[in-house]
Amino acid sequence: QVQLGESGGGLVQAGGSLRLSCVASGRTFSPYAMGWFRQAPGKEREFVAAIKWYGDSTFYQDSVKGRFTISRDNAKNTVYLQMNSLKPEDTAVYYCAAERSGNPRAAQSEYDYWGQGTQVTVSS
């Protein structure tokens, strides 16, 4: 069993930055792939970014490419989401998730463990 805990959310003005962290505990963190998802009010949860175990393979939703960066520190059992040039439409609850096969995926159904989420609010 893996437990995931997100932090780093908050209120920021448009154009600002936030860095989200997700710490894994319980079973070993590796070789899980990790993903970030988000759910805006009244909308379905959607894929944001994912990263492979060794951190050399990442991919992003088109709307965040060039603004968000996913990274991981396996020694700290932590995955990060650096979010720059934030827009009001980035407002959502952000969730991290772990996928046991180690292959980063966009489909939520492929992920085995989920955190509770952290709120990100971007004001215009």
Side-chain angles (χ1 to χ4, degrees):
Q1 191 76 7
V2 172
Q3 292 80 43
L4 303 175
E6 304 95 334
S7 63
L11 173 64
V12 63
Q13 288 188 333
S17 298
L18 284 174
R19 188 177 79 157
L20 305 184
S21 299
C22 172
V23 179
S25 60
R27 289 191 59 185
T28 179
F29 189 43
S30 63
Y32 293 11
M34 299 297 295
W36 284 97
F37 294 79
R38 66 186 181 186
Q39 187 167 20
K43 295 186 178 182
E44 295 186 352
R45 189 160 57 185
E46 63 177 3
F47 170 76
V48 175
I51 187 167
K52 200 173 181 180
W53 155 238
Y54 288 109
D56 58 355
S57 177
T58 60
F59 71 103
Y60 300 89
Q61 182 199 110
D62 286 346
S63 68
V64 306
K65 285 181 180 177
R67 300 189 298 122
F68 291 10
T69 302
I70 188 171
S71 61
R72 65 191 296 165
D73 185 337
N74 291 329
K76 295 182 178 179
N77 287 349
T78 301
V79 64
Y80 304 98
L81 186 68
Q82 178 67 43
M83 305 186 295
N84 299 328
S85 302
L86 282 162
K87 304 175 181 179
E89 52 264 43
D90 294 318
T91 295
V93 177
Y94 283 71
Y95 300 89
C96 70
E99 192 274 346
R100 286 179 293 190
S101 77
N103 297 312
R105 305 171 189 267
Q108 299 180 51
S109 59
E110 299 292 343
Y111 287 80
D112 303 288
Y113 305 102
W114 292 83
Q116 294 299 308
T118 185
Q119 176 70 47
V120 171
T121 303
V122 184
S123 63
S124 57

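Sequential numbering from 1 along the given sequence is applied to the chain's residues. We use all heavy atoms of the structure for the numbers below, so side chains are in, but hydrogens, waters and symmetry mates are not.
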Checklist line | Minimal non-hydrogen separation, V48 against V64, with atom names | finding: O-CG2, 3.7 Å
Next item on the list: Would you check if the side chain of Y60 reaches a backbone N or O of I70 as a donor-acceptor pair within less than 3.5 Å?
Entry: yes
Next item on the list: Assess whether atom CD of Q119 is packed by more than 12 heavy atoms of other residues, nucleotides or ligands within 6.0 Å.
Entry: yes
Next item on the list: Let me know which of V122, T121, L18, V120 forms a side chain to side chain contact (heavy atoms under 4.5 Å, CB included) with L11.
Entry: T121
Next item on the list: Go through the steps for L4 and M34 under the test side-chain contact (heavy atoms from CB on, under 4.5 Å), then give the verdict.
Entry: CA-CA 10 Å; L4 303 175; M34 299 297 295; 4.0 Å; yes
Checklist line | Atom pair OG/CZ of S85 and F68 - distance to nearest 0.5 Å | finding: 9.0 Å
Checklist line | Hydrophobic cluster membership, V12 vs M83, 4.5 Å side-chain cutoff | finding: yes
Item checked: Nearest heavy-atom neighbours spanning A33 and P104 -> CB-N, 3.6 Å
Note to self: For W114 and F37, I'd like to know if the aromatic rings sit close, meaning centre-to-centre distance below 6.0 Å.
What the structure shows: yes
Check: Minimum heavy-atom separation for S17 to N84, with atom names?
Finding: OG-OD1, 2.9 Å
Item checked: Carboxylate-amine/guanidinium contact D90 K87, below 4.0 Å -> no
Checklist line | Donor-acceptor pair, side chain of E99 and main chain of R105, under 3.5 angstrom | finding: no
Check: OG/S7 to OH/Y94 distance, rounded to the nearest 0.5 angstrom?
Finding: 15.0 Å
Margin query: For the CD atom of Q116 and the OG1 atom of T118, what is their distance to the nearest 0.5 Å?
Written below: 11.5 Å
Notebook entry, point to check: Passes side-chain contact (heavy atoms from CB on, under 4.5 Å), R100 versus V2? Steps please.
Noted result: CA-CA 10 Å; R100 286 179 293 190; V2 172; over 6 Å; no
Margin query: Let me confirm one number: the CD-CD distance from Q39 to E44, rounded to the nearest 0.5 Å.
Written below: 8.0 Å
Check: Going from SG on C96 to CZ on R72, what distance comes out if it is rounded to the nearest 0.5 angstrom?
Finding: 11.0 Å
Next item on the list: Could you tell me if the ring centre of F59 sits under 6.0 Å from that of F47?
Entry: yes
Margin query: If I compare all heavy atoms of G115 with all of Y95, which pair ends up nearest, and what's the gap?
Written below: O-CD2, 3.6 Å
Check: Shortest non-hydrogen contact from Y32 to A98?
Finding: CD2-CB, 3.6 Å
Next item on the list: Return the minimal non-hydrogen interatomic distance between L81 and A49, and the atom names on each side.
Entry: CD1-CB, 4.2 Å
Check: Does the side-chain contact (heavy atoms from CB on, under 4.5 Å) test come out yes or no for E46 and R38, once each step is laid out?
Finding: CA-CA 5 Å; E46 63 177 3; R38 66 186 181 186; 2.7 Å; yes
Margin query: Quick check for you: to the nearest 0.5 Å, what is the distance between D73 atom CG and Y80 atom OH?
Written below: 5.0 Å
Check: Would a hydrophobic clustering, with Ile, Leu, Val, Met, Phe, Trp and Tyr connected at side-chain separations under 4.5 Å, put V23 with V93?
Finding: no
Check: What's the verdict on side-chain contact (heavy atoms from CB on, under 4.5 Å) for E6 and L20, showing C-alpha distance, side-chain angles and the deciding distance?
Finding: CA-CA 7 Å; E6 304 95 334; L20 305 184; over 6 Å; no
